[in-house]
Peer 1: 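Questions regarding the structure given below will be posed in turn.
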2 protein chains.
Amino acid sequence: MDAFAKPKLDDVAREAGVSTATVSRCLNEPGKVTAATRDRVMRAVEALGYTPNFGGKALASQKTSTVGAVLPTLDNAIFARGLQSFQETLSAAGVTLLVASSGYDADREDEQIRALIGRGADGILLIGTARRPAAYEFLKRARTPYVIAWSIGEAGETSVGFDNVGAAREMARRVIAEGHRRIAMISGITHMNDRAAGRVEGVCQALREAGIETADLVVDEVRYAFDEAGEALERLMSRNDPPTAIICGNDVLGVGAIARAKQLGLVVPSDLSITGFDDIDIASIVEPGLTTVHVPHRRMGTAAAETLLALIDGRPVSETVLLETTICDRGSLGPAPAGNRPRP
Amino acid sequence: MDAFAKPKLDDVAREAGVSTATVSRCLNEPGKVTAATRDRVMRAVEALGYTPNFGGKALASQKTSTVGAVLPTLDNAIFARGLQSFQETLSAAGVTLLVASSGYDADREDEQIRALIGRGADGILLIGTARRPAAYEFLKRARTPYVIAWSIGEAGETSVGFDNVGAAREMARRVIAEGHRRIAMISGITHMNDRAAGRVEGVCQALREAGIETADLVVDEVRYAFDEAGEALERLMSRNDPPTAIICGNDVLGVGAIARAKQLGLVVPSDLSITGFDDIDIASIVEPGLTTVHVPHRRMGTAAAETLLALIDGRPVSETVLLETTICDRGSLGPAPAGNRPRP
DNA sequence: ATCCAAAATGCAAGCGCTTACATTGCTACA
DNA sequence: TGTAGCAATGTAAGCGCTTGCATTTTGGAT
């Protein structure tokens, strides 16, 4: 073996005085090899600094021990946190993670799914259910198993998530129970985003239950960013009938709204109640603390990984893993003001 | 072709009435093929829903169009954010990203580096310089190019980072300029973490410059978590000579410290000044805003990706890309209290 | 000692793709 | 019309590994 060439299975076999088959078995099914041989082989592997060639392995075994994940963005703590535990679980199983992000764009998501399939991902993690049919086509055609997280998928799809509609409904009920009637939402863009849409839907349901005209619900859709939430808040508060409570689609929006409300001289929650969704760190750092829906992101990541691994191995999985959410009361939601609040 | 089998190059070739070589060229070097042929081939690809087999491709071409990144954790906005732009840049170049995390553990990092090399990563992104020699061994042996981010590497290493020592020194100078003399640090664990160590070093340098005994500098090392910072703060403030300013190793610690300080009834910055490092979202959400070192994480991610891609393609790269940091004044650093503050 | 089943090992055929080299089919010019 | 020269395409040899099957070895049981 040329000193500069990377050692291959053949070299190890020669060094150890066995066949390539035995070396391969040593590495992949050590139980099938005598301790003595295994020892000799391992020593040779060590001596030569052998690392299996990925392409060869993937080609011969028709699997990559790699799974992919397509997230809207990593730049939001909820996905980063979920991904972290997802990755840890995979890593413990000897599987590596391919990461792609779509920037909340359906076209980009299609592309990324395709790319991951092309990279030989044995399975894929997807966020939410709303995407164009083409994406599901690729997956089906490639026979690549996938798991949907953050939402509950349709029948026949495997998913690990929580009830976005129900959780938002519950939060809205609390808001209503505090006496609020003029309620608004700052939501993420609902187009092609079932989680954002579900949260709006949940709020609508609660309003209907309470006999509040849902046509009156003002929903201001913005991208998930502090500033955007701040601007939405200003828009909402400068209406003729400003809300007394604003339900935000997630914590980034909630915190952004609180920050701007304070800048405008509004006191939260006595002038205006604000709620969030997710329960990320900043929800407990901001003042007042953001009352929000706690979502078990880490557990979701772990469960998603376990489910996906099972799917890949052909082990049975429960089609749906439904995680519980709870409401964290931190102070940003309070009773509706008694009289009419002056406009800012 | 069996209707259930995945189509392969052969199938496409047959369908289009050309050889596999031509199909391959169509896909990889379209310029080398007549428009008419290309058309016919593409139509066949489309009709069959062909996707190249990753293993085959990797084996034959000896590259994977894949790069890896080993981060301490994704569960810190700075890494998540940097990784996001890193990934975007790669994706634009048709390269996919393998992600692994070490949990700030050197053994785990070794493992992960090995795993990524084993997965055929064409290049690897590493955070910081402190790791055991074995890790560099693997990289060298596998001849896998790598880029170090977040720090400046040694000569011969390619890195994209900033001056941790200098930035911390600058911050400490500011603190000293505000009249503080009893200064403490809440630092990340410095063992095998050159960034954390560098920040401590920077503070020491500034103290020396100012003629302050560095032996007096109390450094409380904790893991990067709000609560840990809170506890460190309590420890520091219950000393006989509590500090009037605490320089924190990053924003997570800084925000955790501010939160605990407020709980203890301390007013920041009039009773106690606190500074951070990184400039993540929460630094501007907490009250008072955290005076901190702004690090251009996104630009770092992008630059790291560009550098790594160049390295892989054998294009020339500048060994070191040094990014500027700036100090963001947000209010948590103020003048040292005139008299002695009562202990909490 | 002998024989046999079971365990360990070896042999060699692919896995699906790229690419060096050979071949074919043009164009253009004499 | 013949042919040099080049572009387009085809041929086929690997790339490094896994694995079904054949072969050898092992360790009892007789």
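Quantities reported herein were computed from a predicted structural model and do not represent experimental measurements. Order of the sequence lines fixes the chain letters, A, B, ..., with proteins taken first and strands second; residue numbering starts at 1 for each chain.
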Peer 1: Map A/Thr20 and A/Arg38 onto DNA chain C by nearest heavy atom, then report which one ends up closer to the 5' terminus.
Peer 2: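 The answer here is A/Arg38.
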Peer 1: Between D/dT9, D/dG16, C/dT9, which nucleotide gets closest to the side-chain atoms of B/Val33?
Peer 2: D/dT9
Peer 1: When the nearest nucleotide of DNA chain D is assigned to B/Ala21 and to A/Thr51 on a heavy-atom basis, which residue is associated with the more 5' position?
Peer 2: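 Counting from the 5' end, the first nearest nucleotide belongs to B/Ala21.
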Peer 1: Working to the nearest 0.5 angstrom, can you tell me the gap between A/Asp122 CG and A/Arg143 CZ?
Peer 2: 14.0 Å
Peer 1: Look at the side-chain N and O atoms of B/Lys8 and state whether any lies under 4.0 Å from the OP1 or OP2 oxygen of C/dG16.
Peer 2: yes
Peer 1: Hydrogens and angles aside, do A/Ser91 and B/Gln112 bring a side-chain donor and acceptor to less than 3.5 Å of each other?
Peer 2: yes
Peer 1: Pick the nucleotide of DNA chain D nearest each of A/Leu27 and B/Thr37; which residue has the one closer to the 5' end?
Peer 2: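 Comparing both residues, the 5'-ward one is B/Thr37.
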Peer 1: Is any side-chain N or O of B/Ser61 closer than 4.0 Å to OP1 or OP2 of C/dC17?
Peer 2: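 Checking C/dC17 against B/Ser61, no side-chain N or O comes under 4.0 Å of OP1 or OP2.
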Peer 1: Can you spot which of B/Trp150, B/Phe79, B/Phe162 makes a ring-ring contact (aromatic ring centres under 6.0 Å, His included) with B/His297?
Peer 2: B/Trp150
Peer 1: Should B/Thr34 be listed as having a side-chain N or O under 4.0 Å from OP1 or OP2 of D/dT9?
Peer 2: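 For B/Thr34, the contact criterion (side-chain N or O under 4.0 Å from OP1 or OP2 of D/dT9) is met.
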Peer 1: Would you say a side-chain N or O of A/Gln62 is under 4.0 Å from OP1 or OP2 of D/dT19?
Peer 2: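 Checking A/Gln62 against D/dT19: no side-chain N or O falls below 4.0 Å of OP1 or OP2.
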Peer 1: So which nucleotide from D/dT18, D/dG20, C/dC17 ends up closest to the side chain of B/Asn53?
Peer 2: C/dC17
Peer 1: Considering only D/dC17, D/dG10, C/dG10, which nucleotide approaches the side chain of B/Val18 most closely?
Peer 2: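 Between D/dC17, D/dG10, C/dG10, the one nearest the side chain of B/Val18 would be D/dG10.
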Peer 1: With respect to the phosphate group of D/dT9, does any side-chain polar atom (N or O) of B/Ser19 fall under 4.0 Å of OP1 or OP2?
Peer 2: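 For B/Ser19, the contact criterion (side-chain N or O under 4.0 Å from OP1 or OP2 of D/dT9) is not met.
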Peer 1: Quickly work out the B/Lys57 NZ to C/dT19 P distance and round it to whole Å.
Peer 2: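 In whole Å, C/dT19 P and B/Lys57 NZ are 10 Å from each other.
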Peer 1: Within the 3.5 Å criterion, strictly below it, is a donor on A/Ser101 or B/Gln84 matched to an acceptor on the partner's side chain?
Peer 2: yes
